Chemist: 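I have a structure here, written as structure tokens, and I will follow up with some questions on it.
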Amino acid sequence: MSYLGVGVSPGNVAGATMKLNDRKVRLTELILRCSVCALALVAAALIATDTQVKEIFTIQKKAKYTDMKALVFLVVVNGIAAAYSLVHSVRCVVGMMKGSVLFSKPLAWAIFSGDQAVAYLTVASVGAAAQSAAFAKLGEPELQWMKICTMYGKFCNQVGEGIATALLASICMVLVSCISALGLFRLYGGNKARQSSRW
């Protein structure tokens, strides 16, 4: 009988729309967290497994990610981001199965703070690694730093792929932190709306 308007109030329609929007936001958050987990793992694996041996005269020089501290930082941060996202992906799946919505302000603050910290870490690690990669690719003539990538082409290409993948993970993590900010600030905005509706 809802087609006649009987039993339908603006509150019911708004509540149904809100539930649908909450489901969409939770699904988006789950997809983004799974993407961060997968992309961060791929980035860490690409960089950590990258080596190249070059023979200069009779001396063999091996290029590996531990030679550049920025790449070590990138691998560690991507490992942290992948583990963090995996834990929160499980939390999202459990929340979606139970149908529960986050109402606890301390928990919302903890999730928001964790997401912000991981987002900042991923952005910082990508920036540091990109700067180091630029020095390796272009060199620095004023400081007499040579172009390393002319000697270790395969190594540099795989590091570039790892940095690009880490950049995608970082962008996804920034979007996740925006969603957690929305979830947190919604807890504070909803009370004002409820109070004004009572008047």
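No experiment lies behind these values; they were computed from the predicted model shown.
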Chemist: Would you indicate whether Phe73, at its atom CZ, is surrounded by more than 12 heavy atoms from other residues, nucleotides or ligands within a distance under 6.0 Å?
Modeler: yes
Chemist: Is the shortest heavy-atom distance from the side chain of Val93 to the side chain of Arg33 under 4.5 Å?
Modeler: no
Chemist: Mark yes or no for whether Gln158, through its side chain, and Leu46, through its backbone, hold a donor-acceptor pair below 3.5 Å.
Modeler: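 Flag set: sc Gln158 to bb Leu46 pair under 3.5 Å.
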Chemist: Ignoring hydrogens, what is the shortest heavy-atom contact between Met68 and Ala133? Give both atom names and the distance.
Modeler: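 Closest heavy-atom pair between Met68 and Ala133: CE-N, 4.2 Å.
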Chemist: With rounding to the nearest 0.5 Å, note down the distance linking CG in Asp67 to OG in Ser132.
Modeler: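 If I round to the nearest 0.5 Å, the distance is 12.0 Å.
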Chemist: Phe112: what forms a ring pair (Phe, Tyr, Trp, His ring centres under 6.0 Å) with it, not counting sequence neighbours?
Modeler: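 Scan of Phe112 (ring pair (Phe, Tyr, Trp, His ring centres under 6.0 Å), adjacent residues dropped) gives Trp109, Phe185.
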Chemist: In terms of hydrophobic clusters joined by side-chain contacts under 4.5 Å, are Leu121 and Leu168 together?
Modeler: no
Chemist: In Å, rounded to the nearest 0.5 Å, how long is the span from CD of Glu29 to CG of Asp115?
Modeler: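 One gets 7.0 Å once the value is rounded to the nearest 0.5 Å.
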Chemist: For the hydrophobic clusters of this structure (ILVMFWY residues joined by side-chain heavy atoms under 4.5 Å, transitively), does one cluster hold both Leu30 and Met97?
Modeler: yes
Chemist: What closest approach, in Å, do Ser177 and Val174 show between heavy atoms, and which atom pair accounts for it?
Modeler: OG-O, 2.7 Å
Chemist: Say you draw a straight line from SG of Cys156 to CD1 of Ile163; how long is it, rounded to the nearest 0.5 Å?
Modeler: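 Cys156 atom SG to Ile163 atom CD1 measures 9.5 Å (nearest 0.5 Å).
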Chemist: Using a 6.0 Å cut-off, check whether atom NZ of Lys154 has over 12 heavy atoms from anything other than its own residue.
Modeler: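 Result for NZ/Lys154: enclosed.
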Chemist: Distance check, rounded to the nearest 0.5 Å: Cys34 atom SG versus Leu39 atom CG?
Modeler: 11.0 Å
Chemist: Can you check whether Val75's main-chain N or O pairs, donor with acceptor, with Asn78's side chain at less than 3.5 Å?
Modeler: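 Checking the backbone N and O of Val75 against the side chain of Asn78, no donor-acceptor pair under 3.5 Å is found.
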Chemist: Output all residues satisfying side-chain hydrogen bond (donor to acceptor under 3.5 Å, both in side chains) with Tyr152, sequence neighbours left out; order by chain, then residue number.
Modeler: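 Checked Tyr152 against side-chain hydrogen bond (donor to acceptor under 3.5 Å, both in side chains); zero matches.
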Chemist: Could you work out, with side-chain contact (heavy atoms from CB on, under 4.5 Å) as the rule, every residue matching Thr122, not counting sequence neighbours?
Modeler: Val77, Ala81, Val118, Ser170, Met173
Chemist: State the CG-OG1 distance between Leu41 and Thr165, to the nearest 0.5 angstrom.
Modeler: 11.5 Å
Chemist: For the atom pair CG (Leu32) and NE2 (His88), what is the distance rounded to the nearest 0.5 Å?
Modeler: 14.0 Å
Chemist: What is the minimum heavy-atom distance between Ala70 and Ala128, and which atoms define it?
Modeler: CB-O, 3.6 Å
Chemist: Hydrophobic clustering (ILVMFWY, side-chain heavy atoms < 4.5 Å, transitive) - are Val42 and Val159 grouped together?
Modeler: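 Per the 4.5 Å side-chain linkage, Val159 and Val42 are not co-clustered.
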Chemist: Evaluate Arg91 against Ile111 for side-chain contact (heavy atoms from CB on, under 4.5 Å), listing each step before the verdict.
Modeler: CA-CA 11 Å; Arg91 180 193 58 81; Ile111 292 169; 3.7 Å; yes
Chemist: Determine whether Tyr84 and Val36 fall in the same hydrophobic cluster, where Ile, Leu, Val, Met, Phe, Trp and Tyr are linked whenever their side-chain heavy atoms lie under 4.5 Å apart.
Modeler: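 Looking at the clustering, Val36 is in the same group as Tyr84.
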Chemist: Membership question, hydrophobic clusters at under 4.5 Å side-chain separation (ILVMFWY): are Leu71 and Leu167 in the same one?
Modeler: yes
Chemist: Would you say the side chain of Phe155 lies within less than 4.5 Å of the side chain of Asp50, judging by non-hydrogen atoms?
Modeler: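 In short, these two side chains touch, coming nearer than 4.5 Å.
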